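Heads up: the structure comes next, in structure tokens.
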Number of protein chains: 2
Amino acid sequence: MTRKAAEDYGYDYNIPLDEFFQFAISVDCVIYGYHEGKVKVMLIKRGADPYKGKWALPGDLVYPKEALDEAARRVLTELTGLEEIYMKQVHTFGAVDRHTLGRVVTLGYMALIEMYKHPLKADGWAEEVGWFEIHEIPDLAFDHNEIFSESLKFLKQSLESHSPVGFEMMPKKFTLLDYLELTEYVLNKRLDKANFRKKLLAQDFIEPLEEVQKNVKHRPAKLYKINKKKIELET
Amino acid sequence: MTRKAAEDYGYDYNIPLDEFFQFAISVDCVIYGYHEGKVKVMLIKRGADPYKGKWALPGDLVYPKEALDEAARRVLTELTGLEEIYMKQVHTFGAVDRHTLGRVVTLGYMALIEMYKHPLKADGWAEEVGWFEIHEIPDLAFDHNEIFSESLKFLKQSLESHSPVGFEMMPKKFTLLDYLELTEYVLNKRLDKANFRKKLLAQDFIEPLEEVQKNVKHRPAKLYKINKKKIELET
DNA sequence: TTTGTTTGCGTCTAAAGTACATATAATTTT
DNA sequence: AAAATTATATGTACTTTAGACGCAAACAAA
């Protein structure tokens, strides 16, 4: 593409057009999972400089012919082995000096997975993979702490407004108390069991099963499931 | 930057790293203003192909050494002459074929201005500038209709939750009825005057002035102003 | 002084949210 | 096998918020 051609396209700059086509785009994913009462985020330990040895969000550069959501989904699938993952673009970060390799603008994505489903494995460029409680996130590489914060803000807002996202971290069958504990952990405050139950059951996408809990040393709780079709109808 | 150097930085790809640094980034701004009971959006008519003659959102490519918000602010200031403008990144769009010039990923921004304050002037690459009512937006160039829709969704949500953004379109002194009309127009539904008033005055960032309306042929309404410091404290 | 119009405040009612009490169903202990 | 324990499940009362509506006050114009 020549400068002249670019002008025909409606651009007229004092610097050559090629100068503009020097950005790289990356996606960084904040992957949330729920395990034993705690909500955790998957981090990878960087195996090379810059930030060698530091924990970072999993992410990758976007390929030249790849859509943005597609790139995020690729990262998620490669890392977790899961195909169907709830995923949402949260915010785009592009400080001039945020990456040492050049001008890399990154899109922060939030993803929610059923944690027990996926094998914990380090991928290509990561030394190590780990899950960190969301209230104890270490100092991360690049501007990843900021990306994490934005995603957590979104997750908190979703749970506060009872929008049906937290279920993405739950197993197919779960008790209402399980979900209460997830919500309490993320919001970092106690909620009234009875009222939480009523609020949840008022939503029509949550459906009771005939089944109950097994192997508990008290009255077993009823199990519930999510009707995803009804969620789609709402939105 | 050589392939080897890139690998040292933690990347290991099957295609050369340079291939990734071929993106351009742009910002596209949905600029909202309020005038005589109607909320409008500023569009520019494209003076060159592609989409010559079509209306489009004002925007520009991001310079190699320019931060993203900085680029959006530059576009806004150039176009409106205003320095202080409320502005918010809404969503990033990057379909592979969204731009004919090459791979251009664009960030959609929403901006709110006091419309009467700024001179309507066409800028460099635009043939014409116009204001369009938000419920009568024409078919736009590129994926700009989608960008507009996302921004409008955000604006509606903000007004519904009484978050203090709509005031950015109001003059410094305004009546509560003015703001009611703005809100009714955006949400496209009628609201109860008395209840809207109560709801607004319950927020503590809205402060009454001693002044009242002039030159009206009925009881003049009290004028109010916004206390921006209190808004910052809240968020 | 009267009439028309809009502001601005008050009241009532329904709905949603919160706090807390009580009944229920299972296991564990005695 | 009865009592104690634990957590589920439901019900009830109180509080706050949202929505509908009435009416007096303020000003302009006739």
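Chain letters run A, B, ... following the sequence lines, proteins first and then strands; every chain starts at 1. Values below: all heavy atoms of this structure, side chains included; hydrogens, waters and symmetry mates excluded. Predicted model, so just to flag it, every value in this text is computed and none were measured.
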Protein N or O to nucleotides 15-18 of chain D N or O, pairs below 3.5 Å:
| unit_1 | atom_1 | unit_2 | atom_2 | d |
| --- | --- | --- | --- | --- |
| D:dA18 | OP1 | B:K199 | NZ | 2.9 |
| D:dA18 | OP2 | B:K199 | NZ | 2.6 |

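The ring pair (Phe, Tyr, Trp, His ring centres under 6.0 Å) test applied to A:Y86 returns no partner, not counting sequence neighbours. When the side-chain contact (heavy atoms from CB on, under 4.5 Å) test is applied to A:K214, no partner is found at least two apart in sequence or on another chain. Listed by chain and residue number, nothing satisfies the salt bridge (charged side-chain N to carboxylate O under 4.0 Å, His left out) test with B:K198 (two or more places apart in sequence, or in another chain). Residues forming a side-chain contact (heavy atoms from CB on, under 4.5 Å) with A:A221 (at least two apart in sequence, or on another chain): A:T175, A:Q213. Under the side-chain contact (heavy atoms from CB on, under 4.5 Å) criterion, A:S149 pairs with no residue at all, not counting sequence neighbours. With sequence neighbours excluded, no residue forms a side-chain contact (heavy atoms from CB on, under 4.5 Å) with B:R219.
Within the structure, the salt bridge (Lys or Arg N to Asp or Glu O under 4.0 Å) test picks out the following pairs touching residues 34-43 of chain B (sequence neighbours left out): B:K38-B:E133. Residue pairs meeting the salt bridge (Lys or Arg N to Asp or Glu O under 4.0 Å) criterion with at least one partner in residues 149-163 of chain A, sequence neighbours excluded, are A:E150-A:K153. Within the structure, salt bridge (Lys or Arg N to Asp or Glu O under 4.0 Å) contacts touching residues 162-171 of chain B (residues at least two apart or in different chains) are B:E168-B:K228.
For B:E184 and B:K189, the salt-bridge test fails: no basic side-chain N is under 4.0 Å from an acidic carboxylate O.
Counting 5' to 3', DNA chain C first comes under 4.0 angstrom of a heavy atom of chain B and last does so at the ends given by C:dT5 to C:dT11.
Contacts of B:L177 with the nucleic acid, taken as non-hydrogen atoms under 4.0 Å apart, involve only primed sugar atoms and P, OP1 or OP2.
Distance A:L223 CG to D:dT8 P: 12 Å, rounded to the nearest Å. Atom pair B:R219:CZ and D:dA24:P shows a separation of 14 Å (rounding to whole Å applied).
Listed in residue order, the members of residues 185-198 of chain B having a heavy atom less than 4.0 Å from DNA chain D are B:D192, B:A194, B:N195, B:K198.
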